[in-house]
Amino acid sequence: MELHDIQRGVLSPRPSPYAATYILFRIDDPAHGRELMRRCAAVVTSAADTASPLGETWVSVAVTCQGLKALGVPQEALDSMAWEFRQGMAARATALGDVGPSAPEHWDKPLGSLDVHVVLVALAPDEQRLEAALDRARPAYEQLTGITAIWRQDCYAPPTETEHFGYRDGISHPAVDGSGVAGSNPLEKPLAPGEFVLGYPDELGGTQTTRPEILGRNGSYVAFRKLHQDVAAFRRFLAGNSADDADRELLAAKMMGRWRSGAPLALAPERDDPVLGADRLRNNTFGYETDDPDGFVTPGACHIRRANPRDAVVAGEVRLHRMIRRGTAYGPLLPEGVLDDDGVERGLMFAFVGAHLGRQFEFAQTQWLNDGVFFGSGDARDPIAATGESPGDYVIPRRPLRRKLCDVPRFVTTRGGEYAFLPSLSALRWLADPTA
Ligand code: HEM
């Protein structure tokens with residue numbers, strides 16, 4: 001793979017802990033937008049770089065379809081991009097299950113609007129260093145009066161590496177053939193590079209290209225979603241459905257497929273094993289089909305088995321629906337033991353990276369998280385990550401009798417999101433002058 005041309009954020013896992021910020025820009029003057037692209041090309045690091053021109057700060061830049069239009073990218077080029085990308089995430093809301101309180105009319109403004117053009121993500125080891133870097137960068141973009149920063153969301157990876165519900169996150173990621181980045185599950189064969197980056201053969205043997213080729217080659221699609229987490233409701237649900245602390249933790253593990261330490265039920269079926277949870281060499285080395293086809297250990301309906309059924313027999317071909325994830329927490333942690341909502345916004349800035357918005361992100365969201373038919377469980381939804389509607393009943397296979405939890409509440413609400421394209425470094429330079 002041409003690592004020197006691929007943005008670092010696509011393939012390289014993020015360091016931890018870190019502070020990050022999402023800044024959205026609107027382009028009112030194409031010339032200033034192109035100048036922004038030129039300046040971004042100078043500071044974005046590639047997957048081959050070991051140092052950033054910004055010192056301890058690392059930057060990624062993505063552009064929405066509206067953003068490409070605002071930069072003056074010719075219609076023929078736009079038409080050669082994925083149709084989901086051209087529609088934008090808000091237009092896909094009903095299909096994605098972003099209905100009811102998750103519907104676009106309730107999203108944080110301006111998310112989902114035609115004003116979101118450029119998505120800049122900056123990362124630094126801590127908040128102070130991130131803020132100092134942004135202060136240094138501010139004059140450079142404030143000079144460009146034809147672009148406006150319209151939204152900012154600060155987020156962070158806590159030192160505990162957990163998300164708000166208390167589970168260790170950022171464990172499972174696929175290996176990409178030719179990227180030099182190892183996957184976390186040695187039992188999973190590396191995926192073809194064209195699954196994640198345009199311009200390379202994918203698992204079906206096809207290669208996605210755009211017109212002109214430079215726009216798409218070495219670039220990836222991203223889907224970012226601001227997902228509010230109702231931590232107090234989640235805790236009350238666990239407490240209300242368990243006899244004691246040990247039972248509560250078992251229920252939490254049965255809903256996720258991992259104990260909160262990160263230890264997978266598949267390798268620690270009876271009780272948590274925090275040493276295993278923290279061990280990156282062991283905590284993702286497992287499948288489901290041989291030892292647990294019916295989900296007595298890891299329920300078929302739990303979050304991680306839905307999001308990646310691995311070798312389990314399900315309808316469809318699992319390798320066509322894999323994804324690179326970059327999740328980051330926003331908002332303060334709810335103090336331990338608190339069961340009442342404090343009204344403070346907190347959740348996950350979820351980011352998908354891949355070459356196929358439709359058959360990867362949208363498929364996983366609609367068929368795997370928001371439905372249960374693929375593994376024979378009717379319309380039951382993901383008990384952790386279902387948005388919009390209640391997940392329905394949650395069934396935990398158990399002998400002699402299964403355990404059924406009725407009307408599980410919804411713990412996650414979509415606050416907004418967008419589809420964007422992470423161009424290669426040469427495409428960023430091309431975007432600085434797309435009509436040349
Ligand atoms: C607020 C909502 C969500 C929370 C709290 C959450 C939390 C987690 C956690 C704790 C893990 C296990 C750790 C790991 O493997 O890295 C995980 C795994 C995963 N999640 Fe989520 N997630 C959320 C939403 C989503 C969404 C919307 C998607 C996709 C559309 C998704 C896809 C995945 C995938 C693919 C895995 C890896 C599964 C595996 O390979 O075993 N998650 N998530």
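Whatever order the structure lists ligands and atoms in, that order sets their numbers, starting from 1. As the structure is a prediction and not an experimental result, all values here were calculated from the model. Side chains are part of it too, since the values below use all heavy atoms of this structure and drop only hydrogens, waters and symmetry mates.
At a heavy-atom cutoff of 4.0 Å, ligand 1 is contacted by no atom of N284, backbone or side chain. Under 4.0 angstrom from ligand 1, the non-hydrogen atoms of R325 all belong to its side chain. Neither the backbone nor the side chain of F352 comes within contact range of ligand 1; no heavy atom lies under 4.0 Å.
Each of the following atoms of ligand 1 lies closer than 4.0 Å to a heavy atom of Y167: 10 (C). Contact atoms of ligand 1 toward R168: 10 (C), 13 (C) (distance under 4.0 Å to a heavy atom of the residue). Atoms of ligand 1 found under 4.0 Å from any heavy atom of E163 (numbered from 1 in listed order, with element): 5 (C). In summary, the atoms of ligand 1 found under 4.0 Å from a heavy atom of N308, numbered by their order in the structure, are 38 (C), 39 (C), 40 (O). Within ligand 1, counting atoms from 1 as listed, the ones closer than 4.0 Å to a heavy atom of L348 are 1 (C), 2 (C), 3 (C), 4 (C), 23 (C). Here is the list of ligand 1 atoms found below 4.0 Å of a heavy atom in A307: 32 (C), 33 (C), 34 (C), 35 (C), 36 (C). Listed by number with element, the atoms of ligand 1 under 4.0 angstrom from any heavy atom of L369 are 26 (C), 27 (C), 28 (C), 29 (C), 30 (C). Listed by atom number, the atoms of ligand 1 under 4.0 Å from Q229 heavy atoms are 1 (C), 5 (C).
The nearest non-hydrogen atom to atom 7 (C) of ligand 1, considering only Q365, R310, H321, M256, comes from M256. Considering only non-hydrogen atoms, atom 8 (C) of ligand 1 lies nearest to H303 out of H303, H173, R225.
In terms of polar-atom proximity, defined here as any N/O pair under 3.5 Å, F361 makes no such contact with ligand 1. Between S172 and ligand 1, a contact under 3.5 Å exists for at least one N or O pair.
I304 CG2, 3.8 Å is the protein heavy atom nearest to atom 12 (C) of ligand 1. The closest protein non-hydrogen atom to atom 11 (C) of ligand 1 is D169 OD1, 3.7 Å. Scanning the protein heavy atoms around atom 26 (C) of ligand 1, the nearest turns out to be F350 CE1, 3.5 Å. I171 N, 2.6 Å is the protein heavy atom nearest to atom 16 (O) of ligand 1. The protein non-hydrogen atom at the shortest distance from atom 24 (C) of ligand 1 is A385 CB, 3.7 Å.
Heavy atoms only, all atoms of each residue included: Y330 and H164 are closest at O-NE2, 2.7 Å. Minimum heavy-atom separation, T413 to P101: CG2-O, 3.5 Å.
Judged by the 6.0 Å distance and 45° axis criteria, R305 is positioned over the aromatic ring of Y288.
The aromatic rings of F352 and F361 lie tilted to each other, with the angle between the two planes from 30° to 60°.
A donor and an acceptor atom, one from each side chain of R152 and T21, are located under 3.5 Å apart. One side chain, N218 or Y200, offers a donor N or O that lies under 3.5 Å from an acceptor on the other.
Between R258 and E163 no salt bridge is recorded (no basic side-chain N to carboxylate O distance below 4.0 Å). A salt bridge links E249 with R260: at least one charged nitrogen is closer than 4.0 Å to a carboxylate oxygen. Ion pairing between a basic and an acidic side chain is recognised when a charged N comes within 4.0 Å of a carboxylate O; R415 and E345 show such pairing. Remark: E195 does not engage R322 in a salt bridge, criterion side-chain N to carboxylate O under 4.0 Å.
You'll find the side chain of Q153 stays beyond 4.5 Å of the side chain of F224, heavy atoms only.
For E131, the CD atom is densely surrounded, since the number of other residues' heavy atoms within 6.0 Å is greater than 12.
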